[in-house]
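Numbers restart at 1 for each chain; the letters A, B, ... are given by sequence-line order, proteins then strands.
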Number of protein chains: 2
Amino acid sequence: MDTNKLLSKYSIRSTKARQEIAKAIISLRHKHFCAEEVIERLRKKEIKVSRASAYRLVKLFSKRGVLRPVDLNKRWQMYETSFDKNHHDHLYCLNCGKIIEFENRAIENLQTKVCKEKKFKPLKHSLKILGLCRECDNA
Amino acid sequence: MDTNKLLSKYSIRSTKARQEIAKAIISLRHKHFCAEEVIERLRKKEIKVSRASAYRLVKLFSKRGVLRPVDLNKRWQMYETSFDKNHHDHLYCLNCGKIIEFENRAIENLQTKVCKEKKFKPLKHSLKILGLCRECDNA
DNA sequence: ATAATTGTTGAGACTGAGTCTCAACAAAGT
DNA sequence: ACTTTGTTGAGACTCAGTCTCAACAATTAT
């Protein structure tokens, strides 16, 4: 994954700092992560980029749709990458923190129906089910 | 609504401070509100109760199920009272902040089905649809 | 009742994720 | 080259929420 292409695709001026931050974000693409984790990743690689710049790019990516904010933690704003991932919702294990993703067209269709009834124009939604994953429920 | 009954029902030791905080919370029962709004309410009535105590009772009520935390604002933890209100989900207008509540058994049933497939034991969930209410969409 | 125990209070210090400032700098446009 | 516009970094700042701890109030045991 080419950081420069990613930046130019979204009309984000390419700079040394942004390339490094983007690289860190790409390396976290299979997780849910927060801005501090991006910073931590850079720190571990001994790449000097300021906190502010990391927060700035994460927020910019979020605005441009490269990242999707996900409310999985009330303390930190978590994100997931949107490339190579369709919209989905989350099951969150209260015991071990595991996150299971799922897609369900039928639920989405019913949401659309509810919105029609309420004369509401849906733009996005988040469905989060909290509970226990199989392992934690059996333990 | 009797604050003392509310407290004793949930085995919460009744004190002067708690009665006042509970009264403030009850007066906000038809809104979504955060701890600071409870404090503001007390301040306006010139009732002296410390911030810490208000936060403490709100959290205790939340743990005991008197209040339900609702993620409607990323800055403040919002709550709604659970007495005289069944479980429901929310439509949230991004423009004016209006909140429309709705209940839909069919959606909940599908959620249960998804959990079964994923061997996940659901305990609670939150579904939030963000968009534009009728007035804001037409404006 | 009285004493011992346990829970609650308030004022303010503290925490920490996230934002803001602003002068120095770098990229793009002319 | 020169001007304009956007970006950077270091650290100060914000502010919802938590913690501290000694004084106090409610409950339980004696």
Notebook entry, point to check: What pair of heavy atoms forms the shortest contact from B:C133 to B:C93, and how long is it?
Noted result: N-SG, 3.5 Å
Notebook entry, point to check: What is the 5' to 3' range of DNA chain C, first to last nucleotide, that sits under 4.0 Å from any heavy atom of chain B?
Noted result: C:dG7 to C:dA11
Notebook entry, point to check: Between A:R51 and B:R56, which is nearer to the 5' end of DNA chain C once each is assigned its nearest nucleotide?
Noted result: B:R56
Item checked: Upstream residue (5' side of DNA chain D) when A:A17 and B:Q77 are each assigned their closest nucleotide -> A:A17
Check: Taking OP1 and OP2 of D:dG17, is either one under 4.0 Å from a side-chain nitrogen or oxygen of A:K74?
Finding: no
Item checked: Within-4.5 Å side-chain heavy-atom neighbours: B:L6 and B:I26 -> yes
Margin query: What is the separation between atom CZ on B:R75 and atom P on D:dT14, rounded to the nearest whole Å?
Written below: 12 Å
Note to self: Over the length of the helix from C:dA1-D:dT30 to C:dT30-D:dA1, how much do the five-pair end axes diverge, rounded to 10 degrees?
What the structure shows: 30°
Note to self: Taking B:Y10's backbone N and O only, do any of them form a donor-acceptor pair with B:R64's side chain (distance below 3.5 Å, no angle check)?
What the structure shows: yes
Note to self: Over all strands shown, is B:K59 touching base, sugar-phosphate only, or nothing at heavy-atom distances under 4.0 angstrom?
What the structure shows: sugar-phosphate
What does the list of N/O pairs under 3.5 Å between the protein and nucleotides 4-6 of chain D look like, with a distance for each?
from  : atom 1 : to    : atom 2 : distance (Å)
D:dG6 : O4'    : A:R13 : NH1    : 3.3
D:dG6 : O4'    : A:R13 : NH2    : 3.3

Check: Can you name the closest pair of heavy atoms from A:C115 and A:P122 and give their distance?
Finding: SG-CB, 3.8 Å
Checklist line | Pair A:H88, A:E103: side-chain N/O donor-acceptor within cut-off below 3.5 Å | finding: no
Margin query: Centroid separation under 6.0 Å, is that true for the rings of A:H125 and B:H90?
Written below: no
Item checked: Flag for B:Y79-B:E37: side-chain donor and acceptor within less than 3.5 Å -> no
Notebook entry, point to check: Is it the case that A:Q77 and A:Y55 place a side-chain donor and acceptor less than 3.5 Å from each other?
Noted result: no
Item checked: Exceeds 12 heavy-atom contacts within 6.0 angstrom, atom NZ of A:K85 -> yes
Note to self: For B:R105 and B:N109, which I'm curious about, is there any donor-acceptor pair between the side chains at under 3.5 Å?
What the structure shows: yes
Note to self: Rounded to whole Å, please give me the gap between CD1 in B:I12 and P in D:dA26.
What the structure shows: 16 Å
Check: What residue among A:R18, A:Q19, A:E20 forms side-chain contact (heavy atoms from CB on, under 4.5 Å) with A:T3?
Finding: A:Q19
Next item on the list: Look at all strands and tell whether A:A52 reaches a base, only sugar-phosphate, or nothing, counting heavy atoms closer than 4.0 Å.
Entry: base
